[in-house]
Amino acid sequence: MNDLDTSLVGRTCTPDRPLRVAVLASGGGSNLQALLDARGQGPWDVVNVVVNVAGAGAIDRARAAGVSVVVVPHVGLSRAEHEGRVLDVLGAHDVELVVLAGYMRVVTEVFVSRFPQRILNVHPALLPSFPGLHGARQALSHGCRVTGCTVHLVDGGVDTGPILAQAAVPILDDDNEATLQRRIQLQEHKLLPAVVTAWSEGRVVQRGGLTRCCGVVVAAG
Ligand code: GAR
């Protein structure tokens, strides 16, 4: 960081007044769990979880941690109706940072405009390679020898927002999609909480037209 940096957090977060984080998830919720387990590492807290798939593992993980969880199924709703309901939940919890942790819905510009530069996503590839679904499968099918994961800001495109942090994962000769995905996720579980901590500590900054996350280094897995 330097004197010309502008922090995105916008206020000083403290243990007494932590950054209020919401997590959106659709599946097993291992990244949610990593965040729940990392509470206390920085001046932030998970104040709310929103899940769009009834029965998803993320629901039980939130409940077990004593964190408010709301299930907002998207089935039968227009995208706008569904997002409206999710935004109502986030608004009721005074959320300051939204983390998409295995949230398998593309969010619209309307959603992003409610949390400008305040939505993170974790993606199982080294963006800008392999956006969209099946990041591990895409890396394998291209014969890559190294892949990884990315935490980036969400900007309304599909995995196109500014990259904040990445971790590399070597691809082994006998890897299949499941083994590779598992090792990518182990890196995600370190990277995502580290970026949330950096955010809460004012280390995600605008610098010369670029967005930078300072001081987050995860060794290759
Ligand atoms: C994670 O690996 C995440 O990177 C991926 O879904 C998985 C969810 O796992 N997200 C995407 O592919 C988004 N394009 P989890 O529910 O165990 O956290």
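Starting from 1, each residue takes its place in the sequence as its number. Quick note: numbers below take in every heavy atom, side chains included, and nothing from hydrogens, waters or symmetry partners. Both ligands and their constituent atoms are indexed starting at 1 by order of listing.
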Using a 4.0 Å cutoff against the non-hydrogen atoms of Q181, which atoms of ligand 1 qualify?
2 (O)

Do any heavy atoms of Q33 fall under 4.0 Å from ligand 1?
no

Determine yes or no for a side-chain-to-main-chain donor-acceptor pair under 3.5 angstrom, with Q206 supplying the side chain and T6 the backbone.
no

Assess the residue pair R212 and V204 against the criterion (side chain to side chain contact (heavy atoms under 4.5 Å, CB included)); give the C-alpha distance rounded to whole Å, side-chain angles, the decisive distance to 0.1 Å, and a yes or no.
CA-CA 6 Å; R212 289 280 181 240; V204 178; over 6 Å; no

Residue, atom name and distance, where the atom is the protein heavy atom closest to atom 14 (N) of ligand 1
H123 ND1, 3.5 Å

Minimal non-hydrogen separation, L35 against V46, with atom names
CB-CG2, 4.4 Å

Close-contact set for ligand 1 against E188 heavy atoms, below 4.0 Å
1 (C), 2 (O), 3 (C), 4 (O)

If you count the atoms of ligand 1 from 1 in the order shown, which ones are under 4.0 Å from a heavy atom of Q185?
1 (C), 2 (O), 7 (C), 8 (C), 9 (O), 17 (O)

With a cut-off of 4.0 Å, which atoms of ligand 1 are near a heavy atom of M104?
10 (N), 11 (C), 12 (O), 13 (C)

Looking at every heavy atom in both A58 and V51, which two are closest together, and how far apart are they?
CB-CG2, 4.0 Å

Among G29, A136, S26, A58, which one puts a heavy atom closest to atom 16 (O) of ligand 1?
G29

If you measure from each non-hydrogen atom of H134 to ligand 1, which part falls under 4.0 Å: side chain, backbone, both or neither?
neither

Identify, by atom number and element, the atoms of ligand 1 in contact range of P124, meaning under 4.0 Å from any of its heavy atoms.
4 (O), 5 (C), 10 (N), 11 (C), 12 (O)

Who gets closest to atom 6 (O) of ligand 1 by heavy atom: G102, S30, A25?
G102

Backbone N/O of V72 and side chain of H82: donor-acceptor pair under 3.5 Å
yes

Hey, does D159 come in under 3.5 Å of ligand 1, counting only N/O atoms on both sides?
no

For G132, the ligand 1 atoms with a heavy-atom partner under 4.0 Å come out as 14 (N)

Gap separating the OG1 atom of T150 from the CG atom of D159, nearest 0.5 angstrom:
8.5 Å

Are any of the side-chain nitrogens in R145 or D173 under 4.0 Å away from the carboxylate oxygens of its partner?
yes

Check: L133 main-chain N/O paired with Q138 side-chain donor or acceptor under 3.5 Å
yes

